[in-house]
Amino acid sequence: QRRVHGISQNDFHRMRGFVAKIIQSPQVGATAVMMWNAFTHVPMQSVTSSKAKTLRALQSLSRCPSDSKCCGTHTFAALPPAQGLMITSSNSKCKAMVVITDGETWVKRRGDQTPRTVAAALEMNARHPDWRVYALGVGDAKRVELDAIASSKGGSSLLRNFRDLSEFAFAVQCPCKMAEWQDWSECSKSCGQGLTTRTRIRTQNGDNCPASQEQESCNTEACPC
């Protein structure tokens, strides 16, 4: 939250509903959610492999009360603990993080050469090059921070307001990985056109997996009388 009284209750419900859709996605397996309190630096979080439990924990999270010191965006401080709360794909081999922020990190230190959130994001992505980090900004978020947070395998998007979340199509994409092809099998016939087959196994489930089996004709010559 960047504004003095944080985001509105309706906007918070919109954001929470958007996160619930991500958790319920069939591409997502183990889940974790974290809402970061900028001033106390206390993460309010749930870590579990059960979607139902994570959804219940998500529903229990509430926006910062208007009389609390919960304004200000400290994304740089939230990224390190969030690295222990990665969302995993259903096969637990593809890890993803979705960062939602509504404002630019406004706390700056004298002498900083690089904005603090940008520096924290670059360090995180360098340490975990295989993670798919998605950055979603709403309203006052800055593109330079979003692009730094998003990994090369993830992506960043900037929406005008929280109402746009209901129309925003988002999915945690996990690439399909296949092993090398095995050798072709012996031909099924010695003559008269048989079939030879080769297979490969899927090492990581994902989107648009290619074929795991191929066949070709063999011994096409006619059999002798």
Side-chain angles (χ1 to χ4, degrees), residues 17-33 46-56 58 82-100 121-136 146-159 164-225:
F18 176 75
V19 174
K21 286 183 180 180
I22 297 176
I23 294 173
Q24 293 172 313
S25 169
Q27 288 87 6
V28 172
T31 57
V33 294
S46 167
V47 185
T48 177
S49 60
S50 166
K51 288 189 177 185
K53 290 181 179 179
T54 305
L55 287 169
R56 286 196 296 270
L58 176 66
Q83 294 176 45
L85 305 176
M86 299 301 292
I87 298 174
T88 63
S89 66
S90 55
N91 59 15
S92 299
K93 293 183 179 180
C94 181
K95 293 188 175 181
M97 176 190 293
V98 183
V99 179
I100 305 174
L122 292 175
E123 180 182 353
M124 176 183 70
N125 288 324
R127 185 179 300 171
H128 307 288
D130 293 331
W131 288 0
R132 313 183 77 78
V133 182
Y134 301 87
L136 178 58
L146 298 177
D147 289 344
I149 294 170
S151 66
S152 59
K153 297 181 180 180
S156 64
S157 299
L158 181 59
L159 305 182
D164 287 348
L165 284 174
S166 62
E167 303 296 331
F168 183 65
F170 175 84
V172 176
Q173 302 292 331
C174 188
C176 187
K177 294 184 179 180
M178 308 293 292
E180 295 294 326
W181 287 106
Q182 297 180 355
D183 294 337
W184 289 99
S185 66
E186 292 186 9
C187 192
S188 59
K189 293 182 178 180
S190 59
C191 60
Q193 186 167 323
L195 288 174
T196 180
T197 304
R198 68 174 183 175
T199 60
R200 58 181 174 178
I201 62 173
R202 187 178 301 165
T203 58
Q204 177 174 294
N205 290 324
D207 303 307
N208 302 317
C209 286
S212 59
Q213 179 176 291
E214 288 184 345
Q215 287 186 325
E216 287 187 358
S217 299
C218 55
N219 293 341
T220 57
E221 65 278 3
C223 294
C225 297

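Values below: every heavy atom of this structure, side chains too, minus hydrogens, waters and symmetry copies. Position 1 is the first residue of the sequence; numbering continues from there.
Under a 3.5 Å cut-off, the side chain of Asp164 and the backbone N or O of Leu158 do not form any donor-acceptor pair. A distance-only check finds no donor-acceptor pair linking the side chain of Ser185 to the backbone of Thr196 [under 3.5 Å]. Checked by atom type and distance alone, the side chain of Ser188 pairs as donor or acceptor with a backbone atom of Leu195 at under 3.5 Å. For the pair Arg132 (side chain) and Val98 (backbone), a donor-acceptor distance under 3.5 Å is absent. Under a 3.5 Å cut-off, the side chain of Thr203 and the backbone N or O of Lys177 do form a donor-acceptor pair.
In this structure, OG1 on Thr220 lies 12.0 Å from NZ on Lys189, to the nearest 0.5 angstrom. Atom CD1 of Ile100 is separated from atom CG of Leu146 by 11.5 Å, given to the nearest 0.5 angstrom. Considering OH of Tyr134 and OG of Ser151, their distance stands at 7.5 Å, rounded to 0.5 Å.
When every heavy atom of Val133 is checked against every heavy atom of Ile149, the shortest pair comes out as CG1-O, 3.2 Å. The nearest pair of heavy atoms linking Leu136 to Phe168 is CD1-CE2, 4.0 Å. Shortest non-hydrogen contact noted between Glu214 and Trp184 is O-CZ3, 3.6 Å. Pairing each heavy atom of Cys191 with each of Pro224, the nearest pair is SG-CD, 4.4 Å. When all heavy atoms of Ala148 and Ala121 are compared, the pair lying nearest together is O-CB, 3.4 Å.
The shortest side-chain heavy-atom distance between Asn219 and Glu221 falls under the 4.5 Å cut-off. Residues Met124 and Met97 have side chains in contact (heavy-atom distance under 4.5 Å, counting atoms from C-beta outward). Contact of the Arg200 side chain with the Pro210 side chain is registered, since non-hydrogen atoms from C-beta on lie closer than 4.5 Å. By the 4.5 Å heavy-atom criterion applied to side chains, Gln215 and Gln213 are counted as neighbours.
Within a 6.0 Å sphere centred on CD of Glu186, heavy atoms belonging to other residues, nucleotides or ligands number 12 at most.
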